[in-house]
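First the structure, in the form of structure tokens, and then the observations on it.
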Amino acid sequence: MQRWGVRMVLHSKTALVTGASRGIGRATALALAETGAHVLVHYGRSAQEAQSLVESIHSKGGRADAIRADLGTPEGATLLANEVRSIVGKQLDLLVSNAGISKAATIRDHTIEDFDNLFATNVRSPFFLVQQLLPILSEGSNIIVVSSIGAHAVVGKPSLDSPSILAYASTKGALETSCQELGCHSWAPRYPGKCSRARYDRYGHVKLH
């Protein structure tokens, strides 16, 4: 059995990575597994990709489980949290909130359904996922929210006739504000002894700590 030749700094730690079947989420899950964490690989529709990631981690001596949940639905965050708690028990050491959707289209071509789907997946689901996981996020746990430079940078001059990520960028701005509030005071007073840290990272600057 091939094992990663790295120090197991997260041995005995548990981590949930949402949207872990592809892209940044997949790379993050692999990085965590390489350092010894038991990684919960969340996916929405990419079952084959998620399972291949889990098998890859297992083949190198790591620990991983795949969990499916549609975070665009009202019950998605609760269903995911229940599955996580059934696997890890009373302690989740790291939550990487990475799952999200995007849409690039002219402002005219954005529908109410598009707008609602973006905010449901990108903003509502992380909020309620944290809410549902609070009982197992204890002192020393970390919450990392993956954002986007799109929340801050405007590329070119906005036009009604050119593709835009305005709604998507708005969700990331809301996500960062939520994360800042979470890290300061939003839930800690209600849960004495909870000292989890929250932060957000923009694409290109993902850090695990």
Side-chain angles (χ1 to χ4, degrees), residues 1-73 75-102 120-122 124-126 128-138 140-148 175 196 198-201 203-209:
M1 179 182 294
Q2 180 184 2
R3 292 182 179 270
W4 285 294
V6 297
R7 185 181 176 189
M8 297 287 103
V9 295
L10 294 181
H11 179 67
S12 80
K13 301 297 184 180
T14 57
L16 166 64
V17 183
T18 66
S21 61
R22 297 180 295 177
I24 290 176
R26 188 182 186 94
T28 302
L30 279 170
L32 289 168
E34 286 175 359
T35 56
H38 178 184
V39 183
L40 305 185
V41 176
H42 162 261
Y43 70 96
R45 296 178 178 83
S46 304
Q48 185 174 350
E49 290 88 343
Q51 191 57 43
S52 70
L53 173 58
V54 168
E55 291 172 359
S56 176
I57 292 172
H58 286 171
S59 71
K60 297 177 181 178
R63 296 170 297 158
D65 292 280
I67 306 176
R68 182 188 181 280
D70 185 352
L71 294 180
T73 63
E75 67 278 6
T78 298
L79 292 174
L80 176 56
N82 288 342
E83 286 293 317
V84 170
R85 295 173 70 172
S86 71
I87 295 173
V88 305
K90 298 181 179 180
Q91 176 71 25
L92 180 66
D93 298 295
L94 176 61
L95 164 62
V96 181
S97 181
N98 166 75
I101 60 174
S102 63
T121 304
N122 297 359
R124 184 183 69 194
S125 69
F128 286 101
L129 182 58
V130 170
Q131 179 200 70
Q132 295 298 308
L133 290 175
L134 281 179
I136 60 173
L137 288 168
S138 59
S141 296
N142 282 267
I143 303 168
I144 297 177
V145 177
V146 179
S147 184
S148 169
L175 191 62
S196 302
R199 62 172 295 170
Y200 64 86
D201 287 286
Y203 295 141
H205 303 280
V206 178
K207 298 178 181 178
L208 304 179
H209 64 115

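Note that the numbering runs from 1 along the sequence shown for the chain. Computed from a predicted model, the values in this text were never measured in an experiment.
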message: Tell me every residue that passes side chain to side chain donor-acceptor pair (under 3.5 Å) with Arg68, counting only those two or more places apart in sequence or in another chain.
response: none

- prompt: What is the minimum heavy-atom distance between Leu32 and Ala15, and which atoms define it?
  reply: CD1-CB, 3.8 Å

- request: Would you mind listing every side-chain hydrogen bond (donor to acceptor under 3.5 Å, both in side chains) that reaches into residues 76-87, with sequence neighbours excluded?
  value: none

statement: Sorted by chain and number, sequence neighbours left out, side chain to side chain donor-acceptor pair (under 3.5 Å) with Thr14 holds for Asp93

- request: Return yes if some donor-acceptor pair links the side-chain N/O of Arg63 with the main-chain N/O of Ile57 below 3.5 Å, else return no.
  value: no

query: Who are the side chain to side chain contact (heavy atoms under 4.5 Å, CB included) partners of Glu75, not counting sequence neighbours?
result: Thr73, Leu79

message: Are the side chains of Leu80 and Thr18 in contact, using a 4.5 Å heavy-atom criterion?
response: yes

- prompt: Arg26 side chain to Ala20 main-chain N or O, any donor-acceptor pair under 3.5 Å?
  reply: no

message: If you compare all heavy atoms of Ala66 against all heavy atoms of Gln51, which two are closest, and at what distance to 0.1 Å?
response: CB-OE1, 4.3 Å

Got a list of side-chain donor-acceptor pairs under 3.5 Å for residues 38-46, not counting sequence neighbours?
residue: His38; atom: NE2; partner: Asp65; partner atom: OD2; Å: 2.6
residue: His42; atom: ND1; partner: Gly19; partner atom: N; Å: 2.9
residue: His42; atom: NE2; partner: Ala69; partner atom: O; Å: 2.8

task: Measure across Ser138 and Gln91 and return the closest heavy-atom pair with its distance rounded to 0.1 Å.
output: OG-OE1, 2.5 Å

query: Under 4.5 Å between any side-chain heavy atoms of Leu175 and Pro126, yes or no?
result: yes

message: According to side chain to side chain contact (heavy atoms under 4.5 Å, CB included), who are the partners of Ala81, at least two apart in sequence or on a separate chain?
response: Leu129, Gln132, Leu133

- prompt: Are Thr28 and Val146 close enough that some pair of their side-chain heavy atoms sits under 4.5 Å apart?
  reply: no

statement: Residue set satisfying side chain to side chain donor-acceptor pair (under 3.5 Å) with Ser12, at least two apart, ordered chain then number -> none

